[in-house]
Amino acid sequence: MTKTEEIKKLQQIVEDCDKCTLRKGCQKVVFGAGNPEAKIMLIGEGPGAEEDKTGMPFVGRAGQLLDKILEACGFNRKDHIYIANIVKCRPPKNRVPSPEERAACLPYLKEQINIIEPKIIILLGATALQGLIDPQAKITKMRGDWIKFQNICTMPTYHPAALLRNPRLKAPAWEDYKKVVQKYRELVNHDHYSAQC
Ligand code: URA
């Protein structure tokens, strides 16, 4: 099976999931999107209102900022990126997903990672960092430094929604993305072009 086929098969399973109560309260399952052959995987927290309506990750304001950042890095979602979330269904009123909800959904995310086999993972915000790496981890302490997840180079950085709330976080976040571009040149494509770094 190709990665695209494997991802589609997993998506079917996730669409039918009822392991936690979030599915009952949301409109659409936001499974993930992008290129299943991508070498960079982005992981967010969970769907918001726009994502819940459309079934697509990061399509609201935070997603638009994320697209601008990716563009500055010379990346686009269609070719370079696959995006998924810690939980696939929108928590009511955008609350942070509970430990039980995360635990129910985490095997799906791990399966997505296993299928995609990214060279680089970007963890967007505290929930992604804590959900995948360590429930006690602090994004303010750990952002900007490479860590390994299953031997994959993993960069925790601020969630784009945090950058919208506090624009002073944009400069340190940009340092993190510059490291990602460097790593991409090292591991994937020496000639990767980016106008800004
Ligand atoms: N925030 C997230 O963490 N994920 C989305 O898909 C959208 C907003």
Side-chain angles (χ1 to χ4, degrees), residues 7 10-11 14-15 17 20 22-23 25-36 38 40-71 73 75-78 80-113 115-116 118 120-135 137-140 142-143 149 154-167 169-170 172-173 176-177 180:
I7 276 288
L10 179 61
Q11 180 161 8
V14 177
E15 299 274 352
C17 176
C20 80
L22 290 182
R23 180 68 188 98
C26 76
Q27 293 183 48
K28 291 208 169 158
V29 175
V30 180
F31 171 72
N35 181 2
I40 305 176
M41 191 160 163
L42 263 67
I43 300 174
E45 175 175 309
E50 291 299 312
E51 291 78 19
D52 188 45
K53 265 188 226 149
T54 56
M56 299 300 286
F58 282 99
V59 289
R61 275 186 75 216
Q64 286 159 23
L65 175 58
L66 183 63
D67 282 341
K68 276 194 200 158
I69 297 170
L70 293 175
E71 190 187 340
C73 295
F75 299 135
N76 63 67
R77 293 198 197 195
K78 183 172 91 35
H80 305 91
I81 306 285
Y82 187 88
I83 308 188
N85 281 306
I86 293 285
V87 293
K88 313 304 192 214
C89 295
R90 184 191 184 199
K93 297 183 186 155
N94 291 353
R95 65 162 169 75
V96 173
S98 71
E100 293 75 24
E101 290 156 357
R102 294 175 206 204
C105 220
L106 193 61
Y108 299 137
L109 179 63
K110 287 190 173 164
E111 190 55 31
Q112 283 173 303
I113 296 170
I115 293 169
I116 292 178
I120 297 168
I121 293 175
I122 304 176
L123 297 174
L124 298 169
T127 302
L129 173 65
Q130 292 164 354
L132 198 66
I133 307 292
D134 171 3
K138 295 264 181 291
I139 190 70
T140 44
M142 290 184 70
R143 63 140 282 272
F149 173 77
T154 299
M155 175 60 72
T157 190
Y158 294 120
H159 193 287
L163 306 183
L164 289 172
R165 282 194 302 269
N166 182 359
L169 300 180
K170 283 184 179 175
D176 305 345
Y177 285 99
V180 169

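Order of appearance sets the numbers: ligands from 1, and atoms from 1 within every ligand. Quick note: residue numbers are just sequence positions, from 1. These numbers come from a predicted model, not from an experiment.
Of all heavy-atom pairs between Val29 and Glu15, the closest is CB-OE1, 3.9 Å.
When heavy-atom distances to ligand 1 are checked against 4.0 Å, the residues falling inside are Gly44, Glu45, Gly46, Glu51, Pro57, Phe58, Asn85, His159, ordered by chain and number.
Proximity of Met56 to Glu51: side-chain heavy atoms (C-beta onward) are nowhere separated by under 4.5 Å.
Between Gln64 atom CD and Ile69 atom CD1 the span is 12.5 Å, to the nearest 0.5 Å.
For Arg95 and Glu101, the salt-bridge test passes: some basic side-chain N is under 4.0 Å from an acidic carboxylate O.
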Donor-acceptor list for residues 103-112 side chains, cut-off 3.5 Å, not counting sequence neighbours:
residue: Gln112; atom: OE1; partner: Lys88; partner atom: NZ; Å: 2.7
residue: Gln112; atom: NE2; partner: Phe31; partner atom: O; Å: 2.9
residue: Gln112; atom: NE2; partner: Tyr82; partner atom: OH; Å: 3.4

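Annotation: Glu71, atom CD; neighbour count of heavy atoms from other residues, nucleotides and ligands within 6.0 Å does not exceed 12.
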